[in-house]
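Below, all heavy atoms of this structure are taken into account, side chains as well, without hydrogens, waters or symmetry copies. Since the structure is predicted, the reported quantities are computational estimates derived from the model, not experimental observations. We're numbering straight along the sequence, starting at 1. For ligands, and for the atoms within them, numbers begin at 1 and follow the listed sequence.
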Amino acid sequence: MNKDFLKYQAQTSPYPLGMEVSHSSGSYIYDTKGNAHLDFVAGVSACTLGHCHPNVVAAIKEQVDKYIHVMVYGEYAQSPATIYTKLLADNLPAPLEVTYLVNSGTEAIEGALKLARRFTGRSEIIAAKSAYHGNTMGSLSLMDFEERKSVFRPLLPDIYHIQFNNEADLKKITKRTACVILETIQGGAGFIVPTNEYLKKVKQRCKDMGALLILDEIQPGFGRTGKLFAFEHFDCVPDILVIGKGMASGLPVGAFTASKEIMHTLSENPKMGHITTFGGNPVIAASSLATLNVLLNSNLITDTLKKETLFKSLLKHPKIKEIRGKGLMLALIMDSPETANVLVLKAKEKNLILFWLLFENRAVRISPPLTISEEEIKEGCTIILELLNAM
Ligand SMILES: Cc1ncc(COP(=O)(O)O)c(C=O)c1O
């Protein structure tokens with residue numbers, strides 16, 4: 001299969017990991033040779049409830065038997081998306097009430113940027129250095145890495161960058177600014193947590209200047225950091241919340257949520273300010289609903305913090321210089337990029353799935369399913385320590 005995979009399927013790099021997948025269950029992915037791989041990555045924070053959680057599988061099957069797709073987004077009332085967006089609103093602070101469902105994280109970012117420009121009538125967008133918000137043209141324009149952007153120029157104009165956690169930079173937010181967009185916890189940059197009430201200060205500056213604050217929770221959302229949404233740790237409610245990834249436990253999805261007043265502007269003047277065929281797809285909404293119900297009716301979210309403590313207590317080694325992040329969104333910061341690289345590749349040989357981070361080359365990602373057990377955490381950490389000892 002690998003030969004055809006490399007030949008016919010477009011690749012993102014010359015060296016894909018290339019595991020030949022047979023099936024997956026719980027915290028394990030099984031390859032076609034029958035090996036069980038312990039998953040410390042969860043499809044890059046996407047498989048919130050592990051692989052093929054029974055409630056998710058049942059919800060998908062039940063919906064598939066009823067209807068799969070009936071109309072473009074926003075025309076018909078379909079129960080999975082309707083019940084889901086109401087449940088989401090019930091679990092979000094005011095004024096976050098109305099959710100627009102789309103197909104991916106990056107599309108949700110595009111929608112949020114359009115919404116901020118439409119609502120404020122301004123064009124300037126401020127993003128953080130080392131942020132990652134996706135790879136379509138608008139999301140890519142937010143990135144400050146010229147080497148990843150230059151060949152795709154011209155990109156969106158009127159975008160400026162501030163340093164995450166740097167208060168002095170907040171003066172760059174002015175009455176020209178439509179929105180500031182930040183990841184609540186920076187992912188690709190190395191799982192950097194906001195400090196010293198930074199997010200509250202950004203929100204206040206936005207309020208003073210009439211700009212909107214967009215928080216990208218595509219990675220930290222849905223319980224991964226010990227709260228349903230990471231912004232709850234920092235006492236800062238965004239004007240627009242962007243979600244995706246772990247929302248549907250492994251199906252392609254994204255969404256953005258705002259107040260009725262803000263969101264309303266996308267349906268008028270021009271009407272259909274954002275449109276999508278498959279956004280709110282009933283099968284994906286059913287999977288999202290099952291995921292949210294499991295999260296709300298279990299201890300998985302609070303247990304995330306206990307699991308963070310367990311990881312941190314086990315992963316003590318001279319080659320691990322720091323463990324960043326929160327809950328089950330952790331980055332091991334190694335003593336060198338080489339150590340990080342070798343660890344990821346050697347772990348693969350030991351059937352433990354680890355991964356890199358986009359912009360911090362000393363980092364090794366640990367973002368397992370929230371359902372991972374203590375025994376599985378211990379099993380994986382033992383492999384990591386043995387590999388580091390052998391280096
Ligand atoms: C913080 C953040 N924003 C946006 C995205 C883009 O989401 P997607 O890959 O679903 O387009 C990602 C994906 O990794 C992400 O981590």
Side-chain angles (χ1 to χ4, degrees), residues 10 12-13 41-48 99-116 125 127-145 148-149 152 156 159 161 164 179-194 199 213-225 229-231 233-234 238 240-257 274 276 278-281 284-285 287-288 291 324-331 355-360 363 365-368:
T12 53
S13 85
V41 176
V44 187
S45 303
C47 304
T48 306
T99 298
Y100 197 122
L101 298 164
V102 293
N103 306 282
S104 65
T106 196
E107 187 193 355
I109 296 288
E110 302 284 342
L113 297 179
K114 286 167 71 182
L115 181 58
I125 295 169
K129 292 178 187 166
S130 303
Y132 181 74
H133 296 289
N135 248 256
T136 48
M137 286 292 187
S139 305
L140 184 66
S141 305
L142 299 172
M143 215 187 263
D144 72 321
F145 284 94
R148 284 180 169 264
K149 285 170 46 166
F152 303 113
L156 275 193
I159 293 184
H161 292 99
F164 195 79
C179 63
V180 176
I181 178 162
L182 299 172
E183 294 163 88
T184 310
I185 295 177
Q186 283 205 308
F191 290 6
I192 298 176
V193 178
L199 292 181
L213 174 62
I214 303 176
L215 284 183
D216 177 346
E217 291 252 356
I218 288 169
Q219 184 154 205
F222 294 97
R224 185 154 288 283
T225 71
F229 296 103
F231 69 77
H233 290 290
F234 308 109
I240 305 176
L241 173 70
V242 189
I243 50 181
K245 271 200 193 275
M247 179 173 163
S249 276
L251 292 189
V253 73
F256 52 106
T257 304
H274 189 76
T276 155
F278 290 121
N281 174 275
I284 294 172
S287 176
S288 304
T291 303
R324 287 201 205 131
K326 208 166 180 57
L328 290 177
M329 184 177 164
L330 297 175
F355 211 54
W356 302 270
L357 290 188
L358 260 181
F359 306 132
E360 170 53 89
R365 159 193 289 276
I366 297 198
S367 58

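- Aromatic ring orientation, Phe256 versus Tyr100: parallel (interplanar angle below 30°, classes split at 30° and 60°).
- No side-chain donor-acceptor contact under 3.5 Å links Thr48 and Thr291.
- Remark: Thr225 OG1 to Phe191 CZ distance equals 11.5 Å, nearest 0.5 Å.
- A donor-acceptor contact under 3.5 angstrom links the side chains of His133 and Asp216, judged on distance only.
- The closest side-chain donor-acceptor pair between His274 and Glu110, if any, does not fall under 3.5 angstrom.
- The aromatic rings of Phe145 and Phe359 sit parallel to each other, their planes meeting at less than 30°, with 60° as the upper class boundary.
- Contacts of ligand 1 (protein heavy-atom distance under 4.0 Å) are Ser104, Gly105, Thr106, Tyr132, His133, Gly134, Glu183, Asp216, Ile218, Gln219, Lys245.
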